[in-house]
Trainee: 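Attaching a single structure in structure tokens format; questions to follow.
Protein chains get the first letters and strands the later ones, always in sequence-line order, with residue 1 at the start of each.
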Protein chains: 2
Amino acid sequence: MSTPRKAPTMADVARLAGVSPMTVSRAFKRDASVSDATRSAILEAADSLGYVFDSTASNLRSQRTDFVAVTIPSINNANFADTVRGLSEGLKERGLQILLGYTDYDIQEEERLVEQLLRRRPEAIVVTGGRQTPRTRRLLENAGIPVIETWDLPDNPVGHVVGFSNAAAVRSMVDHFVSVGITRIAFIGGDADRDTRGTDRRAGFIAAMQAHGLDPDRLIAAGTPPISMREGADAMGRLLDTLPDTQAVICVSDLSAFGALTECQRRGVNVPGQIAVAGFGDYEIAGICVPSLTTINPLPREIGKRAAELILDVLDGTQAGPATIALEPILMRRQSSP
Amino acid sequence: MSTPRKAPTMADVARLAGVSPMTVSRAFKRDASVSDATRSAILEAADSLGYVFDSTASNLRSQRTDFVAVTIPSINNANFADTVRGLSEGLKERGLQILLGYTDYDIQEEERLVEQLLRRRPEAIVVTGGRQTPRTRRLLENAGIPVIETWDLPDNPVGHVVGFSNAAAVRSMVDHFVSVGITRIAFIGGDADRDTRGTDRRAGFIAAMQAHGLDPDRLIAAGTPPISMREGADAMGRLLDTLPDTQAVICVSDLSAFGALTECQRRGVNVPGQIAVAGFGDYEIAGICVPSLTTINPLPREIGKRAAELILDVLDGTQAGPATIALEPILMRRQSSP
DNA sequence: TTCGCCAGAGATAACGATAACAAAATGGTA
DNA sequence: TACCATTTTGTTATCGTTATCTCTGGCGAA
């Protein structure tokens with residue numbers, strides 16, 4: 001089934017096609033000047049030998065890998081997956097491939113990952129950013145390639161930024177509830193600072209409540225981030241048990257919000273009649289569950305798309321200094337809130 | 001912010017540490033014989049220079065990349081994400097990194113992808129398998145590395161297999177319904193053969209119905225695979241409109257099944273009282289939605305874990321011939337069915 | 001004392017493509 | 001026909017690490 005003999009190289013193809021290895025190399029590039037006759041002869045020879053281009057050699061000699069390194073907290077998250085898809089589509093046309101790694105929401109793991117990725121000499125690196133270990137930061141600063149932080153607006157960014165303010169996004173939700181007369185608002189989130197974005201959302205909730213002169217203490221800790229649907233449901237149970245006069249609850253993600261919704265269903269608690277529920281992320285489920293879920297769409301696909309464009313501009317030299325692209329998340333009013 | 005000067009190499013580190021480049025190389029390996037004093041001096045020198053190991057050169061010279069290529073249909077799918085996580089964890093201890101690509105459920109795209117991945121000279125390749133273009137098959141056969149097909153049990157595998165029978169899994173669901181006296185069963189799936197596993201599930205449904213002497217024609221085409229929650233809901237609407245005497249419906253995935261459930265909620269159709277609903281995948285949502293969803297757990301994490309073990313065994317030479325590991329998906333009886 | 005063994009370190013060449021430069025072939029024009 | 005511009009092809013050296021072989025010094029056993 002497999003071929004034990006050594007894989008053919010360009011030299012083998014060149015010999016068979018009666019040209020020099022350099023011409024074979026050119027034939028495998030797009031725009032290189034090779035006559036049609038020669039190129040097809042070469043491709044035919046390559047095909048008959050079962051030749052597969054070896055990018056390890058190409059990478060070393062040309063000092064280009066056509067990799068863009070991307071770190072995301074979790075592979076199992078539709079929002080980050082959308083960002084990766086946006087990136088991937090934007091980079092594909094230029095022949096750039098994504099080298100993906102996930103940090104499991106752990107900045108120590110992120111440090112290991114970033115170092116591993118940089119060893120592969122990517123053309124650029126995209127991190128789901130905000131906070132990182134000092135060493136990670138140093139690695140990024142000295143990497144000598146474009147660095148893009150996403151999903152956040154860091155105070156002191158390493159390089160470029162394509163993101164949004166998690167705190168401001170949650171504030172807009174609080175403002176919305178207050179504008180319709182709701183004042184007793186709770187927040188369901190993680191019980192640790194592992195997930196920096198989740199932490200920012202909770203901080204945004206507290207700040208917004210205080211800005212309205214409201215009590216920001218209805219905080220339900222739902223477990224180690226990221227919070228699952230089940231943990232969201234459990235947290236909602238505790239909220240209904242301990243603070244039954246709560247009028248609305250904002251959840252750190254749509255998944256926990258959906259879990260919370262199901263707990264209300266199980267208990268016969270009417271949403272939004274007795275309590276309003278809001279999420280974050282605008283996952284597909286938010287639009288289709290019953291009642292549909294009020295949430296915030298942080299434009300994950302757009303983040304990826306803009307990051308890809310930015311990378312291409314920087315690599316082309318079109319983009320000079322560090323850019324910060326701040327996106328405006330969209331409040332999606334649906335049935336789970338008034 | 002970035003360093004315009006050329007990145008330091010092992011030679012620079014060697015000079016600063018007062019040793020030969022070869023010794024630096026050894027110091028960066030695990031088991032290589034370097035005295036502790038020398039090693040720490042080298043690492044210190046490397047750190048002070050901001051040296052980052054260059055694997056492009058290492059890859060070429062050592063003919064090893066420590067990549068395992070993995071293709072999945074979609075990055076935005078919790079089942080495949082679980083398989084990737086299982087793979088990733090199993091390979092990490094050996095220093096193998098995953099090079100991930102997705103095919104968008106398109107075998108032409110898969111062909112392009114497989115070729116791109118093979119150019120990077122991975123140590124092994126894992127495909128979400130079953131059917132591929134002739135050229136893809138040829139590329140895999142001649143790649144000279146272990147090939148693992150997953151999520152399927154192909155009739156004529158390229159190499160190794162870690163999967164299950166999609167048809168048999170759906171048959172078990174049909175058998176379950178028949179065993180509780182349900183005979184008018186429908187199937188909601190895609191309207192094209194793009195998704196080979198979805199197609200197998202539909203074929204399994206038809207065969208199982210025929211085996212029981214039942215009518216297999218209650219087939220609802222829900223759109224281009226993969227079917228979304230929304231498309232599942234629309235399909236359920238059509239089913240209720242056109243075949244209102246249907247007693248149960250099996251959906252090609254949990255996502256479409258959940259969409260179908262929500263449509264029942266919207267119409268006030270009782271599940272499972274008026275109609276039973278089943279899905280496929282055992283996504284988290286299946287366990288928590290109301291009513292919870294009867295489904296099939298295909299053990300996605302286990303697939304990844306076993307595939308990783310198999311790869312390590314093959315690379316070690318422990319595993320001789322091509323292996324086929326057939327897993328048994330688990331029928332999860334929940335509230336959406338009797 | 002001699003020999004063998006081994007840990008620790010160095011010297012050399014090579015992995016397979018391509019950047020950079022050079023030369024030959026081609027085509028159009030004066 | 002001669003000449004220049006352009007296209008097409010070839011030659012040489014090299015990217016940064018490491019496989020492989022060699023060498024040195026120290027230590028224990030005979």
Trainee: Distance from A/Gln97 atom CD to B/Arg120 atom CZ, nearest 0.5 Å?
Mentor: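 It comes to 4.5 Å.
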
Trainee: What do the steps show when you test B/Asn77 against B/Ile72 for side chain to side chain contact (heavy atoms under 4.5 Å, CB included), and what is the final call?
Mentor: CA-CA 9 Å; B/Asn77 177 303; B/Ile72 56 177; over 6 Å; no

Trainee: Checking side-chain contact (heavy atoms from CB on, under 4.5 Å) against A/Ile75, which of B/Val84, B/Ile98, B/Asp82, B/Asn76 comes through?
Mentor: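 Result: among B/Val84, B/Ile98, B/Asp82, B/Asn76, B/Val84 is the only option passing the side-chain contact (heavy atoms from CB on, under 4.5 Å) with A/Ile75.
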
Trainee: Looking at B/Gln108, is its backbone amide N or carbonyl O close enough to the side chain of B/Asp106 to form a donor-acceptor pair, meaning the two atoms are under 3.5 Å apart?
Mentor: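 Looks like yes, one N/O pair under 3.5 Å.
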
Trainee: Would one find a side-chain N or O of A/Gln63 under 4.0 angstrom from OP1 or OP2 of D/dG16?
Mentor: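 Yes, within the criterion.
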
Trainee: Atom CZ of A/Phe53 and atom P of C/dT18: how far apart are they, to the nearest Å?
Mentor: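 Between P of C/dT18 and CZ of A/Phe53: 4 Å.
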
Trainee: Could you give the distance from CG (A/Asn156) to CZ (A/Arg131), rounded to the nearest 0.5 Å?
Mentor: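 If we round to the nearest 0.5 Å, A/Asn156:CG and A/Arg131:CZ are 13.0 Å apart.
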
Trainee: Does a nitrogen or oxygen in the side chain of A/Thr23 sit under 4.0 Å from OP1 or OP2 of D/dG10?
Mentor: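 Yes, within the criterion.
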
Trainee: Using a cut-off of under 3.5 Å, enumerate the N/O to N/O pairs linking the protein to nucleotides 19-25 of chain D.
Mentor:
residue, atom, partner, partner atom, Å
D/dA19, O4', B/Arg61, NH2, 3.2

Trainee: Nearest 0.5 angstrom please: B/Arg121 CZ to A/Asn59 CG, how far?
Mentor: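 So the gap between those two atoms works out to 11.0 Å.
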
Trainee: Please report the distance, rounded to the nearest Å, between CG in A/Leu60 and P in C/dA13.
Mentor: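 Rounded to the whole Å, the gap is 19 Å.
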
Trainee: Considering just the side-chain nitrogens and oxygens of B/Ser25, establish if one lies under 4.0 Å of OP1 or OP2 belonging to D/dT18.
Mentor: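 Yes, within the criterion.
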
Trainee: Measuring from atom CZ of A/Arg112 to atom OG1 of A/Thr103, what distance do you get when rounded to the nearest 0.5 angstrom?
Mentor: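 Those atoms lie 10.5 Å apart.
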
Trainee: Scan residues 39-47 of chain A against DNA chain D and write down, sorted by residue number, each residue with any heavy atom closer than 4.0 Å; if none is found, say none.
Mentor: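 Residues of residues 39-47 of chain A that come under 4.0 Å of DNA chain D do not exist, since none gets that close.
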
Trainee: Output yes when at least one side-chain N/O atom of B/Lys6 is less than 4.0 Å from OP1 or OP2 of D/dG16, else no.
Mentor: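 For D/dG16, OP1/OP2 do have a side-chain N/O of B/Lys6 under 4.0 Å.
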
Trainee: Between C/dT26 atom C1' and A/Asp36 atom CG, what is the distance in whole Å?
Mentor: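 Whole-Å distance recorded here is 15 Å.
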
Trainee: Examine D/dG10: is either OP1 or OP2 under 4.0 Å from a nitrogen or oxygen in the side chain of A/Ser20? Give yes or no.
Mentor: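 Yes, because at least one side-chain N or O of A/Ser20 sits under 4.0 Å from OP1 or OP2 of D/dG10.
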
Trainee: Specify the residue among B/Val34 and B/Ala57 whose closest nucleotide of DNA chain C lies further upstream toward the 5′ end.
Mentor: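 Of the two residues, B/Val34 wins.
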
Trainee: Side chain of B/Glu115, backbone of B/Leu139: donor and acceptor closer than 3.5 Å?
Mentor: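 Between the backbone of B/Leu139 and the side chain of B/Glu115 there is no qualifying donor-acceptor contact (under 3.5 Å).
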
Trainee: So what does B/Val24 hit on the nucleic acid, given a heavy-atom distance under 4.0 Å: a base, only sugar-phosphate, or nothing?
Mentor: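 Contact class for B/Val24: none.
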
Trainee: What nucleotide, of D/dT18, C/dG8, D/dT17, holds the atom closest to the side chain of B/Asp54?
Mentor: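 Looking only at side-chain atoms, B/Asp54 lies closest to D/dT17.
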
Trainee: Just how far, in rounded Å, is P of D/dG16 from CG of B/Asp12?
Mentor: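 Rounding to the nearest Å, CG of B/Asp12 and P of D/dG16 are 9 Å apart.
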
Trainee: Knowing that exactly one of A/Gln116, A/Arg135, A/Gln132 qualifies, which makes a side chain to side chain donor-acceptor pair (under 3.5 Å) with A/Glu111?
Mentor: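 Passing option: A/Arg135.
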
Trainee: Rounded to whole Å, how long is the line connecting atom CG of A/Asn59 with atom P of C/dA19?
Mentor: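 That distance rounds to 12 Å.
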
Trainee: Is there a side-chain contact between B/Ser35 and the phosphate of C/dA9, meaning an N or O under 4.0 Å from OP1 or OP2?
Mentor: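 So the side-chain polar atoms of B/Ser35 do come within 4.0 Å of the phosphate oxygens OP1 or OP2 of C/dA9, strictly under.
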
Trainee: Provide, to the nearest angstrom, the distance between the CZ atom belonging to B/Arg15 and the C1' atom belonging to C/dG10.
Mentor: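 After rounding, the gap between these two atoms is 16 Å.
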
Trainee: Does the side chain of B/Thr38 get closer than 4.0 angstrom to OP1 or OP2 of C/dA9 through an N or O atom?
Mentor: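 For B/Thr38, the contact criterion (side-chain N or O under 4.0 Å from OP1 or OP2 of C/dA9) is met.
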
Trainee: What's A/Tyr51 touching, base or sugar-phosphate or nothing? Going by heavy atoms closer than 4.0 Å.
Mentor: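 It contacts sugar-phosphate atoms only.
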
Trainee: Provide, to the nearest angstrom, the distance between the CZ atom belonging to A/Phe28 and the P atom belonging to C/dG16.
Mentor: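 Answer to the nearest Å: 15 Å.
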
Trainee: What is the distance, to the nearest angstrom, from the CG atom on A/Leu118 to the P atom on D/dG16?
Mentor: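 The distance from CG of A/Leu118 to P of D/dG16 comes to 17 Å, rounded to the nearest Å.
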
Trainee: A quick test of your reading: do over 12 heavy atoms of other residues, nucleotides or ligands sit less than 6.0 Å from CG of A/Asp316?
Mentor: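 Atom CG in A/Asp316 is packed in, count exceeds 12.
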
